Trainee: 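Have a look at the structure that comes next, please.
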Amino acid sequence: MDLLRHLRHFVVVARELHFGRAAEALGMAQPPLSQSIQRLERELAVELFDRSRRQVGLTTAGRLLLGEAEELLAGESRLRHLMRQVQEGTLGVFRAGVLPETPAVTLRALLDRLAASAPGLDVDLHELTSAEQVRMLAERRLDAGLVHHPVQADGLRFGPPVDVPVGVLLPRASPLARPREVALGDLAGLDLVAAPRVTAPGWYDHLLDGCRRHGFLPARVRPARNPEFVFGLLLAGGAVALEPQSLARREPRIAWRPIAGAPLVRRTSAAWPDRAAHPAAVMFGQLAAEVLAAQEPAPPAVVVPSERPWPVLFDATHD
């Protein structure tokens with residue numbers, strides 16, 4: 001027996017104390033409504049309505065059941081509402097990855113936007129490299145993340161990408177910092193400070209390929225994860241880094257100069273599994289793109305259809 005359906009019928013009749021009006025309120029014929037009440041009475045082995053008089057009245061059992069039924073139906077409504085919120089991605093736990101170099105202001109803006117859009121969502125953030133996020137997404141230990149492209153992995157969908165120009169980081173005292181822009185070929189013979197390849201293999205390979213094609217063959221590549229370590233290597237002399245402008249804002253002794261012709265951009269987007277994705281993943285991807293685009297000047301974000309693989313190269317001058 002569909003107990004909840006029969007209880008809903010009972011509550012309406014109990015409030016109206018008239019089968020005809022109750023049937024009209026429920027949008028059903030009176031005979032099926034009467035049958036529903038009779039079945040409920042048989043199931044509970046009590047009489048719920050006193051039908052001995054011209055006006056229908058509640059029996060003692062009916063009065064007791066009315067309060068319990070209203071509470072039970074209200075609980076069912078709350079339960080359905082909660083499950084609907086979970087299904088829509090506005091309630092529950094959402095495990096998200098962010099890149100280690102994400103500025104505090106960007107992280108705060110993203111968390112604020114998520115809280116405003118889904119106040120019931122418990123966002124569990126993890127500081128992870130692109131490669132770590134790709135692996136954890138594949139293992140379903142992460143619901144979504146922010147990654148640097150190119151990403152060579154199957155089974156992922158991507159949110160709107162944000163392209164940020166890459167420029168040269170170097171000491172302000174360096175002669176190369178005097179011009180308003182620097183050609184990659186002018187960096188020949190210097191070391192390149194970059195995040196280890198293991199952190200984002202696609203981006204690492206693309207960066208070195210772009211350097212070679214534009215006349216910069218680093219004397220050596222010096223790995224550095226922490227921004228403070230990057231700055232220390234640059235201030236020691238003989239090295240440069242190729243990063244977005246936001247990184248230079250953390251150290252007043254470091255200058256950022258655009259690369260002549262703007263040949264390199266760094267593409268970042270959200271990523272999540274393409275099967276059984278968390279309901280909040282698409283929202284996270286859109287909000288992340290909006291926050292990233294607002295934090296640093298970048299070309300307009302373009303949504304790439306998720307069923308197509310990302311392009312391998314993001315060289316702005318590449319045909």
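If you're wondering where the values come from, they're calculated on a predicted model, not measured in any experiment.
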Trainee: Could you list who else is in Trp272's hydrophobic cluster, with ILVMFWY side chains joined at under 4.5 Å, directly or through other members?
Mentor: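 Hydrophobic cluster check, Trp272: joined to Val282.
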Trainee: Ignoring hydrogens and angles, tell me if any N or O in the side chain of Trp203 forms a donor-acceptor pair with the backbone of Val147 under 3.5 Å.
Mentor: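 No.
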Trainee: Taking all heavy atoms of Leu184 and all of Phe216, pick out the closest pair and write down the distance.
Mentor: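 That would be O-CB, 3.2 Å.
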Trainee: Between Arg249 and Ser246, do the side chains contain a donor N or O and an acceptor N or O under 3.5 Å apart?
Mentor: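 The answer is no; no qualifying pair exists.
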Trainee: Look only at the side chain of Arg266 and the backbone of Val166, and say whether a donor-acceptor pair between them is shorter than 3.5 Å.
Mentor: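 Pair absent, no side-chain N/O of Arg266 close to backbone of Val166.
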Trainee: Please, which pairs that meet ring-ring contact (aromatic ring centres under 6.0 Å, His included) have at least one residue in residues 118-145, sequence neighbours excluded?
Mentor: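 Every pair satisfying ring-ring contact (aromatic ring centres under 6.0 Å, His included) with a residue in residues 118-145: there are none.
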Trainee: Do Val11 and Val46 sit in one hydrophobic cluster, given that two such residues count as connected whenever their side-chain heavy atoms are within less than 4.5 Å of each other, even indirectly?
Mentor: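 Per the 4.5 Å side-chain linkage, Val11 and Val46 are co-clustered.
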Trainee: Determine the minimum heavy-atom distance between Gly62 and Phe10, stating which atoms define it.
Mentor: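 Distance-wise, the nearest heavy atoms are O-CZ, 3.4 Å.
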Trainee: Would you kindly confirm whether Leu17 and Leu40 end up in one hydrophobic cluster when ILVMFWY residues are joined by side chain heavy atoms under 4.5 Å apart?
Mentor: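 They do share one cluster, since a chain of ILVMFWY contacts under 4.5 Å joins Leu17 to Leu40.
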Trainee: Quick one, Glu251 with Arg172, criterion salt bridge (charged side-chain N to carboxylate O under 4.0 Å, His left out). Give me CA distance, side-chain angles, the key distance, then yes/no.
Mentor: CA-CA 10 Å; Glu251 172 53 67; Arg172 288 191 178 277; over 6 Å; no
Trainee: Pairs in or reaching into residues 228-251: which pass ring-ring contact (aromatic ring centres under 6.0 Å, His included), with residues at least two apart or in two chains?
Mentor: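 Of all non-adjacent pairs touching residues 228-251, none passes ring-ring contact (aromatic ring centres under 6.0 Å, His included).
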Trainee: Does some side-chain heavy atom of Leu234 sit less than 4.5 Å from a side-chain heavy atom of Val230?
Mentor: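 Yes, at least one pair of side-chain atoms sits under 4.5 Å.
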Trainee: I'd like to know if the side chain of Thr199 and the backbone of Ala195 have a donor-acceptor N/O pair within less than 3.5 Å.
Mentor: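 No; zero donor-acceptor contacts below 3.5 Å.
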Trainee: More than 12 heavy atoms of other residues, nucleotides or ligands under 6.0 Å from CD of Glu139: yes or no?
Mentor: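 It does: Glu139 CD has more than 12 such atoms within range.
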Trainee: Write out all pairs satisfying ring-ring contact (aromatic ring centres under 6.0 Å, His included) with one or both partners inside residues 170-199, taking only residues at least two apart or from two chains.
Mentor: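 Qualifying pairs, neighbours excluded: none.
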Trainee: With a cut-off of 3.5 Å and sequence neighbours excluded, list every side-chain donor-acceptor pair involving residues 18-28.
Mentor:
{"unit_1": "His18", "atom_1": "ND1", "unit_2": "Gly20", "atom_2": "N", "d": "3.1"}
{"unit_1": "His18", "atom_1": "ND1", "unit_2": "Arg21", "atom_2": "N", "d": "3.0"}
{"unit_1": "Arg21", "atom_1": "NE", "unit_2": "Glu16", "atom_2": "OE1", "d": "3.4"}
{"unit_1": "Arg21", "atom_1": "NH2", "unit_2": "Glu16", "atom_2": "O", "d": "3.0"}

Trainee: Short question: side chain of Thr106, backbone of Thr102 - any donor-acceptor pair under 3.5 Å?
Mentor: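 Judged by distance alone, no pair lies under 3.5 Å.
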Trainee: Please answer: with hydrophobic residues joined when any side-chain heavy atoms are less than 4.5 Å apart, are Leu176 and Leu217 in the same cluster?
Mentor: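 Different clusters.
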Trainee: Scan side-chain atoms only and decide if His148 and Glu101 contain a donor-acceptor pair under the 3.5 Å cut-off.
Mentor: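 A pair is found: one side chain offers a donor N or O, the other an acceptor, under 3.5 Å apart.
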Trainee: Please answer whether the main-chain N or O of Leu58 pairs with a side-chain N or O of Arg63 as donor and acceptor at a distance below 3.5 Å.
Mentor: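 Confirmed, Arg63 side chain pairs with Leu58 backbone.
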Trainee: Please report the interatomic distance CG(Leu99) to CG(Leu128), rounded to the nearest 0.5 Å.
Mentor: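 Atom-to-atom, Leu99:CG and Leu128:CG are 8.5 Å apart.
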Trainee: When you compare the side chains of Thr268 and His149, does any donor N or O come within less than 3.5 Å of an acceptor on the partner?
Mentor: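 Side-chain D/A pair, Thr268 to His149: absent.
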Trainee: What pairs with Phe94 under ring pair (Phe, Tyr, Trp, His ring centres under 6.0 Å), at least two apart in sequence or on another chain?
Mentor: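 Testing Phe94 for ring pair (Phe, Tyr, Trp, His ring centres under 6.0 Å), a comparison that skips the adjacent residues, returns His278, Phe284.
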Trainee: Is a side-chain N or O of His214 found less than 3.5 angstrom from the main chain of Gly210, in a donor-acceptor match?
Mentor: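 Judged by distance alone, yes, a pair lies under 3.5 Å.
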